[in-house]
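Reviewing the structure listed below.
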Amino acid sequence: MLSRRQTLAGSAGFLAALATASGNRASASRVEGRVPYGACVNIAPLQDEAEYRAALESYCQQLTPEYGLYWDYLRPTRDQFNFDYGDKVLAFAEANEMLMRGHTLVWYAAMPEWTKQISSAAEAERELAIHIERVVSRYRGKVKTWHVVNEPIEETKGKAPGLRPSIWLRYLGDRYIDTAFRLAHQADPSAELILNDYDIECVGENFAARRQALATLVRDLLGRGVPLHGVGLQGHLRGKYQIDSDGVTGFVAEMKSLGLSVHVTELDVIDADLPPEVSSRDAMVAARAHDFLAAVFAGARPEVIATWGITDRYTWLNNGKSARPDGRPARPLPFDYDYSPTPAFFAERDAIDSRRTAAQPGSDPYAPFNPAGVPHPEQD
Ligand code: XIL
């Protein structure tokens with residue numbers, strides 16, 4: 001079935017269709033009733049590759065700069081702010097009627113060297129305040145959702161996870177999270193402020209413990225009156241583990257019952273431990289994405305489904321510990337290296353399309369995922 005669809009959608013046809021769709025700016029306005037789809041954006045192909053831009057223009061309603069708002073990119077020195085990456089993604093998003101998401105204000109990783117000189121609570125708080133004020137103000141009214149604190153839950157093996165070590169935890173203690181949210185709220189009172197984390201989606205004690213730690217953190221923050229508005233499930237799914245459907249659904253429902261919005265912020269499937277053969281690997285990747293999204297939707301309607309990239313050509317998963325030991329390229333995303341839609345594309349699209357609320361009369365039910373002129377792959 002999937003290979004039939006793939007044949008029909010064929011890569012050459014898709015690429016050609018994407019190219020014609022690139023002049024079509026209507027995708028973002030055709031999302032009524034449909035949870036928006038988004039992807040993170042790598043700046044190099046955004047600037048250099050027409051197919052990449054066409055894929056984003058054709059399919060996305062939201063974009064997240066992949067690494068251009070990290071501290072180390074933004075602030076190579078203490079006094080310098082380098083907004084070029086964020087500004088370019090924003091310009092592209094605005095030209096195409098898409099929203100840009102802000103990722104991320106506070107993270108243990110991607111910190112520039114100079115921050116190692118920070119040596120007191122006062123200095124840490126001052127730098128945090130300068131940073132959040134400057135970055136959030138620059139995009140005030142434009143970036144409507146900020147991933148304020150990223151990955152606050154510690155990685156542990158066995159014991160209950162606490163907060164992850166960082167310079168913020170070291171100097172400001174566990175209230176660094178409160179401080180970050182309050183500063184972001186001050187800088188843009190209308191922005192939606194979310195907490196974002198990973199490894200809460202799969203079956204296993206470690207995942208359950210992390211889910212619980214995140215839920216406890218959220219309740220504590222709300223109890224202290226922190227301006228926290230939503231939770232991001234990154235969704236870097238681990239291909240070899242099943243999705244904990246009840247766990248995910250329960251977590252999402254609980255967040256909703258606390259009055260929070262729920263976001264899928266960085267969906268992809270780590271396929272390092274999956275079989276090398278492409279069609280069975282792709283089928284497993286699609287199954288994980290399907291099960292995860294079904295579990296999310298069963299808990300509550302998310303604000304966005306965003307994948308961490310749009311094409312396998314630029315996935316972060318070819319590097320470091322997530323790379324396949326056999327050296328084969330990772331296939332975690334909706335489009336493969338050559339921009340052919342993968343089974344994950346259909347699983348993700350169908351998960352979103354099947355939860356459309358009341359369709360508009362006469363509207364094309366596949367509009368946002370169907371670039372102009374491409375027959376829907378299921379039609380023959
Ligand atoms: C990744 C980026 O994709 C890479 O370009 C970067 O080198 C490392 O980080 N969780 C996150 C993302 O919140 O920011 C990470 O992105 C992936 C894990």
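If you read the sequence from its start, that first residue is 1, and numbering goes on from there. Counting starts at 1 for both ligands and their atoms, following the listed order.
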Mind telling me whether Trp71 and Trp168 have parallel, tilted or perpendicular rings, with 30° and 60° as the class edges?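 Trp168 and Trp71: tilted rings.
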Apply the test salt bridge (charged side-chain N to carboxylate O under 4.0 Å, His left out) to residues Arg238 and Asp199: give CA-CA distance (whole Å), side-chain angles for both, the deciding distance (0.1 Å), then the verdict. CA-CA 8 Å; Arg238 296 187 183 264; Asp199 270 358; 2.8 Å; yes
Salt bridge check: are Arg101 and Glu303 linked by an N-O gap of less than 4.0 Å?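 Result for this pair is no, no salt bridge flagged.
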Might you list the protein residues in contact with ligand 1, defined as having a heavy atom under 4.0 Å from one of its atoms, sorted by chain and number? Glu66, Tyr67, Tyr70, His103, Trp107, Asn150, Glu151, Gln234, His236, Glu266, Trp308, Trp316
Test applied, side chain to side chain donor-acceptor pair (under 3.5 Å); reference residue, Arg331; option that passes from Asp268, Asp271, Asp282: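 Single side chain to side chain donor-acceptor pair (under 3.5 Å) partner of Arg331 among Asp268, Asp271, Asp282: Asp282.
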Apply side-chain contact (heavy atoms from CB on, under 4.5 Å) to Ala287 and list each qualifying residue two or more places apart in sequence or on a separate chain. none
Does atom CZ (Arg140) have a neighbourhood of more than 12 heavy atoms from anything else shown, all under 6.0 Å? yes
